[in-house]
S.K.: 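Pasting a structure here, questions to come.
Here the structure is a predicted model, which means the values were calculated and not measured.
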Amino acid sequence: MVGISVDTPFKLKASAGKLGVSYLMLSDFNKEAIKAFGIVLPELKCLREVAGRAVCAGRFRCGGWSWVGEKPGQEPPYEQVVEAVRQISF
């Protein structure tokens with residue numbers, strides 16, 4: 001599992017430590033990945049080009065299952081995420 005965020009690497013490291021995240025977190029500070037995946041929110045309050053929440057299950061790219069939140073702060077359907085990950089053959 002890999003997490004991608006537009007936060008800086010320093011913020012990600014601090015957040016991962018605080019939350020006990022044990023998977024790889026990558027910084028997309030230049031916003032290239034969110035643009036490639038098409039999950040850019042043009043404006044949220046006074047912030048421009050922030051990431052919408054999204055989950056993809058697959059190898060090296062979004063495979064057969066994905067979810068994109070319709071509103072900022074919307075949580076993904078975690079049970080479906082777990083099931084999608086179980087379906088991946090490694």
S.K.: Rounded to the nearest 0.5 Å, what separation is found between the CD atom of E32 and the CD1 atom of I4?
M.R.: 11.5 Å
S.K.: Determine whether F29 and F10 fall in the same hydrophobic cluster, where Ile, Leu, Val, Met, Phe, Trp and Tyr are linked whenever their side-chain heavy atoms lie under 4.5 Å apart.
M.R.: no
S.K.: When you group the ILVMFWY residues by side-chain heavy-atom contacts below 4.5 Å and let the links chain together, are V21 and L12 in the same group?
M.R.: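 Both belong to a single hydrophobic cluster.
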S.K.: Do any pairs count as a side chain to side chain donor-acceptor pair (under 3.5 Å) and have a residue in residues 5-21, sequence neighbours left out, and if so which ones?
M.R.: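 The answer is S5-D7.
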